[in-house]
**Student:** 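To start, I am sharing the structure in question, which I have written as structure tokens.
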Amino acid sequence: MFNIREELEKLPAKPGVYLMHDASDEIIYVGKAVVLKNRVRQYFQESRNVTPKIEKMISRIAWFEYIVTDSETEALILECNLIKEHSPKYNTMLKDSKAYPYIKATIQEPFPRLLFSRTQGHDGNKYFGPFTSSTSVREAIELVNRIYHLRTCNKKLKPVSENRDTDGDEGKQAPLDPKNRPCLYYEMEQCKAPCRNRISEAEYMANFEKALRFLQGETSEIRHELETKMKTAAENMAFEEAAVYRDQLASIRRVTERQKITSDDNEDRDIIALARQGDEAVMQVFFVREGKVLGREHHFLTGVEFEKDEDVISSFIKQMYSGTPYLPHELVTEKDFTDSEAILKWLSEKRGHKVRSVVPKRGSKERLLELAKKNAYMVLIQDKDKLKKEKERTRGAMDEIESLLGMEGLLHRVESYDISHINGFETVGSMVVFEDGRAKKNDYRKFRIRSVAGPDDYGSMDEMLTRRFEHGKRENLSENDSFGHLPDIIFMDGGKGQVHICEEVLERLSIDVPVCGMVKDDHHRTRGLYFRDKEIPIDTHGQGFHLITRIQDETHRFAIEYHKQIRSKGQTHSILDEIPGVGRKRRMSLMKAFDSLEDIAKATEEELANVPGMDVRTARAVVHFFKNNQGGNKTSELPEG
């Protein structure tokens with residue numbers, strides 16, 4: 001039983017981060033403190049003066065935990081990290097979804113570089129991180145490049161042994177610039193110009209190795225070197241040069257401080273904690289490099305229900321470190337894992353140095369392991385809640401629709417159709433597909449309507465549905481062909497008229513698929529479903545209603561986007577362009593003079609000839625064209641996509 005008063009007495013007078021939990025163990029607030037003992041006590045004093053929001057948060061606190069840090073800056077970094085990870089209810093949140101940054105050392109290329117990266121690839125390069133701040137990563141890269149004169153350009157350099165210069169001498173880099181001059185960074189003494197052979201490959205690599213050691217936390221050598229240079233410069237009264245060294249030392253302190261949130265020793269270790277529930281588990285890994293906690297990540301596992309903890313941990317370690325670009329010196333786990341001797345021997349050979357494991361019983365390692373374990377449980381609970389909500393939103397919504405239509409257990413695939421045009425010009429159709437409540441965008445299809453003149457939505461829908469289901473009845477369709485799968489139900493973006501058009505097409509083709517209309521009110525909002533000649537009201541607060549709205553909106557969006565696309569790219573031309581004598585200008589004049597293509601088709605020669613830019617001969621051609629094309633007897637195309 002957690003006694004808040006007793007635990008308040010145990011708080012240390014040190015900087016750190018505190019996490020407030022409610023009765024269900026959910027983290028509801030994360031804060032930082034210069035002195036933990038003073039700051040956390042303030043929440044439970046009767047004389048506290050806080051906002052209503054914080055007062056409500058305090059009333060929900062069941063217990064708290066804390067992490068001691070070495071400085072207020074470190075506490076700030078850890079606070080930001082935990083807030084971003086857990087999104088506590090009572091913290092002010094910045095909405096973003098950025099991944100933790102890394103420093104990528106491109107050791108696979110000649111004259112390697114240090115780059116900023118948001119992902120940790122398995123590409124043979126070396127990665128440092130993850131870090132908690134992108135700013136500190138960029139500062140570290142800039143600082144290391146400046147100290148060790150590493151190149152920052154993206155030129156594709158070759159190993160010196162593979163190049164000859166213009167005189168044919170071996171061992172030199174071929175000139176890349178017509179003027180054969182280094183870039184500005186060389187003039188600023190920030191790069192040694194390996195592209196111009198101003199530094200040997202061996203010397204460059206020696207500097208690069210120093211940079212890697214620096215990123216691994218070995219800063220004492222460079223600190224001593226810079227301090228010596230600063231003192232020497234000051235003694236020689238070269239104060240500007242001394243100031244440069246002074247600023248570099250300050251940068252090193254800032255970068256290393258920003259990377260650190262706890263420090264027991266200078267070891268590289270991974271803290272591995274397991275949380276499990278039923279057949280699912282979460283492994284939480286804290287990355288400690290040179291005694292500094294740089295970040296963490298979690299991994300989901302399945303199929304663990306009947307496995308022992310030590311077997312799960314063993315399986316995870318083998319999979320985790322088989323492809324990772326960096327191995328720590330020590331693995332901290334809550335239990336001895338299965339086949340630990342063989343696994344550690346394998347990891348030691350892979351690392352080139354001994355890798356050991358430890359099961360802590362007390363001290364900072366045990367506390368950090370416990371924090372990792374608690375975080376692992378939080379991730380597991382949050383993920384299960386997220387999956388539960390997603391299931392309610394998708395399959396659960398489909399179940400509601402099934403119940404509403406009296407089709408329990410029958411609905412899996414839904415297809416929905418819509419027509420888009422501007423006064424009958426460039427009419428297009430869209431088909432979208434949802435399976436178990438999720439959009440299946442690979443199965444979406446687009447149609448260009450060619451057999452219908454004017455704003456005839458019913459005729460256009462008839463053509464689109466006919467082409468779709470005639471195509472679907474063909475033999476030897478690929479499994480990946482969307483038309484090869486009949487829907488369990490068709491949703492039409494409209495009421496009785498749209499439904500009956502679809503039913504007529506299906507009957508004509510001898511296809512038995514139920515059709516449902518999505519009926520809208522006068523404000524263009526869905527009010528119900530039209531199914532089997534009856535309008536069925538729907539609960540506008542239920543998940544089924546929200547799914548129908550998503551299907552409706554997606555169908556409409558896809559049709560409009562395609563219509564915009566063919567208009568902007570000129571992928572289709574108006575039916576008027578097929579008339580001899582009617583070009584772009586005359587077509588535009590006709591479209592401005594008449595409300596629709598149907599009105600143009602009904603116009604007389606005299607009315608057409610009076611349109612600006614038209615003449616009697618062209619007017620006669622227009623009348624002749626529409627007279628010979630009544631009924632829209634044109635060859636329809638297969639749909640695109």
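We're numbering straight along the sequence, starting at 1. Computation of the quantities below employed the complete heavy-atom set of this structure, encompassing side-chain atoms and omitting hydrogens, waters and symmetry-equivalent molecules.
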**Student:** Ignoring hydrogens and angles, tell me if any N or O in the side chain of Lys350 forms a donor-acceptor pair with the backbone of Tyr321 under 3.5 Å.
**Tutor:** yes

**Student:** Just jot down the side-chain contact (heavy atoms from CB on, under 4.5 Å) partners of Leu404, sequence neighbours excluded, or say none.
**Tutor:** Leu529, Ile536, Ile538

**Student:** Would you call Glu307 and Arg276 a salt bridge, using N to O less than 4.0 angstrom?
**Tutor:** no

**Student:** Quick one: salt bridge (charged side-chain N to carboxylate O under 4.0 Å, His left out) partners of Asp270, sequence neighbours excluded?
**Tutor:** Arg289

**Student:** Applying side-chain contact (heavy atoms from CB on, under 4.5 Å), name anything that partners Asp599, two or more places apart in sequence or on another chain.
**Tutor:** Phe594, Asp595, Ser596

**Student:** What pairs with Asp436 under side-chain contact (heavy atoms from CB on, under 4.5 Å), at least two apart in sequence or on another chain?
**Tutor:** Arg395, His412

**Student:** If a pair satisfies salt bridge (charged side-chain N to carboxylate O under 4.0 Å, His left out) and one of its residues is in residues 600-616, list it, with sequence neighbours excluded.
**Tutor:** Arg586-Asp615, Glu598-Lys602, Glu605-Arg620

**Student:** Give a yes or no answer on whether the side chain of Ser314 reaches the backbone of Asp339 with a donor-acceptor pair at less than 3.5 Å.
**Tutor:** no

**Student:** Can you find a heavy atom in the side chain of Glu463 that is under 4.5 Å from one in the side chain of Phe447?
**Tutor:** no

**Student:** Just to verify, what does Arg532 make a salt bridge (charged side-chain N to carboxylate O under 4.0 Å, His left out) with, not counting sequence neighbours?
**Tutor:** none

**Student:** Measuring only between side-chain heavy atoms, which start at C-beta, is Leu547 closer than 4.5 Å to Val414?
**Tutor:** no

**Student:** Should Glu470 and Arg467 count as an ion pair when the cut-off is N to O under 4.0 Å?
**Tutor:** no

**Student:** If you measure from the Lys or Arg side-chain nitrogens to the Asp or Glu carboxylate oxygens, is any gap between Asp22 and Lys89 under 4.0 Å?
**Tutor:** no

**Student:** Just to verify, what does Lys308 make a salt bridge (charged side-chain N to carboxylate O under 4.0 Å, His left out) with, not counting sequence neighbours?
**Tutor:** none

**Student:** Enumerate, atom names and distances included, each donor-acceptor pair closer than 3.5 Å involving a side-chain atom of residues 498-516, sequence neighbours excluded.
**Tutor:**
unit_1 : atom_1 : unit_2 : atom_2 : d
His500 : NE2    : Asp533 : OD1    : 3.3
Arg508 : NH2    : Asp462 : OD1    : 3.2
Arg508 : NH2    : Thr466 : OG1    : 3.0

**Student:** If only side-chain N and O atoms count, and only distance matters, is there a donor-acceptor pair under 3.5 Å linking Asp493 with Gln552?
**Tutor:** yes

**Student:** Can you tell me how far apart NZ (Lys440) and CZ (Phe434) are? Round to the nearest 0.5 Å.
**Tutor:** 13.0 Å

**Student:** Which residues pass the ring pair (Phe, Tyr, Trp, His ring centres under 6.0 Å) test with Tyr417, sequence neighbours left out?
**Tutor:** none

**Student:** Looking at Arg448 and Val428, would you say the former's side chain and the latter's main chain have a donor-acceptor pair under 3.5 Å?
**Tutor:** no

**Student:** I'd like to check the side-chain contact (heavy atoms from CB on, under 4.5 Å) partners of Glu400; sequence neighbours left out, ordered by chain and number.
**Tutor:** Gln543

**Student:** Once ring pair (Phe, Tyr, Trp, His ring centres under 6.0 Å) is applied, do any residues pair with His299, and if so which ones, sequence neighbours excluded?
**Tutor:** Phe316

**Student:** Checking Asp311 now: which residues fulfil salt bridge (charged side-chain N to carboxylate O under 4.0 Å, His left out) with it, not counting sequence neighbours?
**Tutor:** none

